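Here the structure is laid out as structure tokens; the discussion comes afterwards.
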Amino acid sequence: MNLTIFGSGYVGLVTGACMSDAGNDVVCVDIDEQKIASLQEGEIPIHEPGLAELVRRNVEAGRLHFTTDIAEGVAHGLIQFIAVGTPPDEDGSADLKYVLAVARSIAEHMDGYRVIVDKSTVPVGTAEKVKAEIGGKLAERGAKHEFDVVSNPEFLKEGAAIGDFMKPDRIVVGTDSARATKLIKQMYEPFSRNHDKLILMDIPSAELTKYAANAMLATKISFMNELSNIADRYGADIEQVRIGIGSDPRIGYEFIYPGCGYGGSCFPKDVTALAHSAGLAGYEADLIRAVETVNQRQKRVLFDKIRKHFGDDLSGKTMSLWGLAFKPRTDDMREAPSRALMEAIWDAGGQIRAYDPEAMDETRRIYGDRPDLVLCYSAQEAARGADALVIVTEWQEFRSPDFVALAHALNEAVIFDGRNIYDPETMAEAGFSYHAIGRPQRAPEAST
Ligand SMILES: NC(=O)c1ccc[n+]([C@@H]2O[C@H](COP(=O)([O-])OP(=O)(O)OC[C@H]3O[C@@H](n4cnc5c(N)ncnc54)[C@H](O)[C@@H]3O)[C@@H](O)[C@H]2O)c1
């Protein structure tokens, strides 16, 4: 099939690469000229495992093309994906200006029937707005082409995006058109091989399903973080509590890890946008609002522990940060807890030495060169001469360091662990003062 994808970010690029790998002829359109130029040169602007190889293979096979030419994109695909950003507006609502701009572009150039597939995360009612935008533009042109708008929210996870797209748990499709349904079914057939993954529903339900999924996942995290703060105050161990509740199949072990808050481009904005949508309809979504409030507070927890240990004034102190990306296996720093922490440390006069396996360029892009930030080429190097180590992202390579070397590298054997990746007993035995999330502290047993 001929497919066009508007937006070549995390979702658009992965969709384009995977769809072309299934044999489709795909054109990816973006308004970011630099991004398209580097993609045409074979450079992938984001870190996503397996993506570079997939893009290269399909470009070489002649099935995947990149362009800034909107008319070319609209002419190409019978199916036109909208995969552009929906960032939060000032009031917390999802800003639909990019989505509606694509809708207008499609309507300006279309010369026959098109299926417009909304893959961006958008509030209920957006498909109607897209329809109205396209209908209005076509009327302006005096053109009478038929079109259908379908809601097909994306559930991929950064860091595992290719696997999620190729072998999805489910493909949610909201549609009111038999003609579009037939085409969408045909398009997704290669991704539904062992059983039908397609879940067909009405459009508003599909739009809400994406928000429901993200809000539920964010709720699980904030719930555990809330409990970790209670555990902290009563000397209980949240990790034992986690195992205790996860064993109940109604609760389960998945996604109930306490930590230093969730980040990323999705949970924070989607939770806020859902609460905002509810408000517009006259419903106060207290639970959903609390999820984000708890998360904002949780992003301060590591800093509060640091301040409790070192005092309010961190001048002359250096914190070593391991992990800057909002989660492992990505270089995405959007809403990352590391950012709130770094900014709080700087505000208190402290210095930072930091290391992340993938997000160093992104950190440099965001913060530029500054004397209170030293980006190091390895974890061990970042720890050298620092007054404490802070674990912010649970990259695999941080899980089993040489603790003896680490204790020697640090000025003081102190660790603040925002992801609970170490065993408190082992840490105490190794002579560390170890501060985790919702876990009782043990006095260090030996000094190394
Ligand atoms: N990132 C994720 O993990 C993820 C997962 C599921 C859903 N989503 C949702 O998918 C959507 C896209 O997210 P993303 O992370 O891929 O965003 P992104 O910011 O990485 O990419 C968006 C791209 O759209 C481009 N763009 C903007 N206006 C355009 C236009 N008029 N024509 C063509 N291109 C245009 C931008 O230049 C950018 O390259 C959002 O709604 C997001 O909530 C994201």
Side-chain angles (χ1 to χ4, degrees), residues 4-18 27-39 44-49 51 66-74 76-77 80-89 93-109 116-123 126 130 133 151-165 168-172 206-207 209-215 217-218 262-274 325-327 329-336 362:
T4 297
I5 296 158
F6 283 88
S8 303
Y10 284 88
V11 169
L13 194 54
V14 169
T15 304
C18 294
V27 169
C28 290
V29 186
D30 205 291
I31 49 169
D32 183 335
E33 289 179 6
Q34 215 183 329
K35 192 179 267 190
I36 290 298
S38 39
L39 283 164
I44 307 298
I46 52 173
H47 172 78
E48 184 58 47
L51 184 59
F66 299 101
T67 184
T68 52
D69 185 340
I70 291 169
E72 180 193 336
V74 180
H76 177 79
Q80 307 263 319
F81 283 93
I82 304 180
V84 297
T86 44
D89 217 336
S93 63
D95 186 348
L96 296 178
K97 67 170 177 275
Y98 302 110
V99 169
L100 297 178
V102 174
R104 271 194 305 280
S105 299
I106 294 172
E108 256 166 40
H109 297 282
I116 293 93
V117 177
D118 193 354
K119 235 189 194 322
S120 299
T121 302
V122 291
T126 303
V130 168
E133 201 74 33
S151 164
N152 171 219
E154 181 50 57
F155 296 95
L156 62 79
K157 299 181 286 296
E158 284 176 25
I162 307 289
D164 286 347
F165 198 98
D169 299 324
R170 76 297 213 192
I171 302 164
V172 170
E207 290 172 330
T209 297
K210 174 65 192 177
Y211 283 100
N214 276 359
L217 294 170
Y262 58 73
S265 69
C266 294
F267 288 179
K269 82 170 169 60
D270 292 349
V271 167
T272 309
L274 178 58
F326 87 91
K327 67 174 181 179
R329 293 158 61 84
T330 182
D331 60 353
D332 198 340
M333 298 267 298
R334 290 179 284 186
E335 303 281 336
E362 189 58 7

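Note that ligands are numbered from 1 as they come in the structure, with each ligand's atoms numbered from 1 the same way. Small disclaimer: the values here were computed from a predicted structure and weren't measured.
Residue C18 holds its SG atom at 8.0 Å from CG of L51, rounded to the nearest 0.5 Å. How far CG of D164 is from CG of L156: 6.0 Å, rounded to the nearest 0.5 Å.
Within a 6.0 Å radius of OH in Y98, other residues, nucleotides and ligands contribute 12 heavy atoms or fewer.
Remark: among candidates V84, I36, I70, the nearest residue to atom 27 (C) of ligand 1 is V84, based on non-hydrogen atoms. Of the candidates R334, K119, K269, R334 brings a heavy atom nearest to atom 15 (O) of ligand 1.
For T68 (side chain) and E33 (main-chain N/O), no donor-acceptor pair under 3.5 Å exists by modelled atom type. Of the possible donor and acceptor atoms, one in the side chain of K327 sits under 3.5 Å from a partner among the backbone N and O of E158. Although no hydrogens or angles enter the test, the distance criterion places no donor-acceptor pair under 3.5 Å between the side chain of Q80 and the main chain of F6.
Per-residue contacts place T86 under 4.0 angstrom from the following atoms of ligand 1 (heavy atoms of the residue considered): 40 (C), 41 (O), 43 (O). Taking a cut-off of under 4.0 Å to the non-hydrogen atoms of G85, the atoms of ligand 1 that pass are 22 (C). Of all atoms in ligand 1, numbered sequentially from 1 with element shown, those under 4.0 Å from a heavy atom of A83 are 12 (C). Each of the atoms 30 (C), 31 (N), 32 (N) of ligand 1 lies under 4.0 Å from some heavy atom of V102. Less than 4.0 angstrom separates some heavy atom of V29 from each of these atoms of ligand 1: 33 (C), 34 (N). Those atoms of ligand 1 with a heavy atom of G7 less than 4.0 angstrom away are 23 (C), 24 (O), 25 (C), 33 (C), 34 (N).
When only non-hydrogen protein atoms are considered, atom 28 (N) of ligand 1 lies nearest to I31 CD1, 3.4 Å. The nearest protein atom to atom 21 (O) of ligand 1, hydrogens excluded, is given as G9 CA, 3.2 Å; this is a heavy-atom distance. For atom 5 (C) of ligand 1, the closest heavy atom belonging to the protein is L156 O, 3.6 Å. Residue, atom and distance of the protein heavy atom nearest to atom 23 (C) of ligand 1 are D30 OD2, 3.7 Å. Regarding atom 13 (O) of ligand 1, its nearest protein heavy-atom neighbour is V11 CG2, 4.1 Å.
Closest approach of H109 to A71, counting heavy atoms only: ND1-CB, 3.6 Å. Of all non-hydrogen atoms in A218 and V271, the two that sit nearest each other are CB-CG2, 3.7 Å. Between D270 and Y211, the closest heavy-atom pair is O-CD2, 3.4 Å. In plain terms, the two heavy atoms of S8 and K35 that are nearest each other are O-CD, 3.6 Å. Pairing each heavy atom of V14 with each of E48, the nearest pair is CG2-CG, 4.5 Å. The two residues T4 and G73 come nearest to each other via the heavy atoms OG1-O, 2.6 Å.
Polar contact with ligand 1: present for E158 (N/O pair, distance under 3.5 Å). Here's the thing with T121: one of its N/O atoms is less than 3.5 angstrom from an N/O atom of ligand 1. Where the criterion is an N or O separation shorter than 3.5 Å, residue side chain and backbone included, K35 meets it with respect to ligand 1. In terms of polar-atom proximity, defined here as any N/O pair under 3.5 Å, E154 makes no such contact with ligand 1. Residue contacts with ligand 1: D32 is placed with no nitrogen or oxygen under 3.5 Å of a nitrogen or oxygen of the ligand (distance criterion only).
Residue contacts with ligand 1 for S265 involve side-chain atoms from C-beta outward but no N, CA, C or O (heavy atoms, distance under 4.0 Å).
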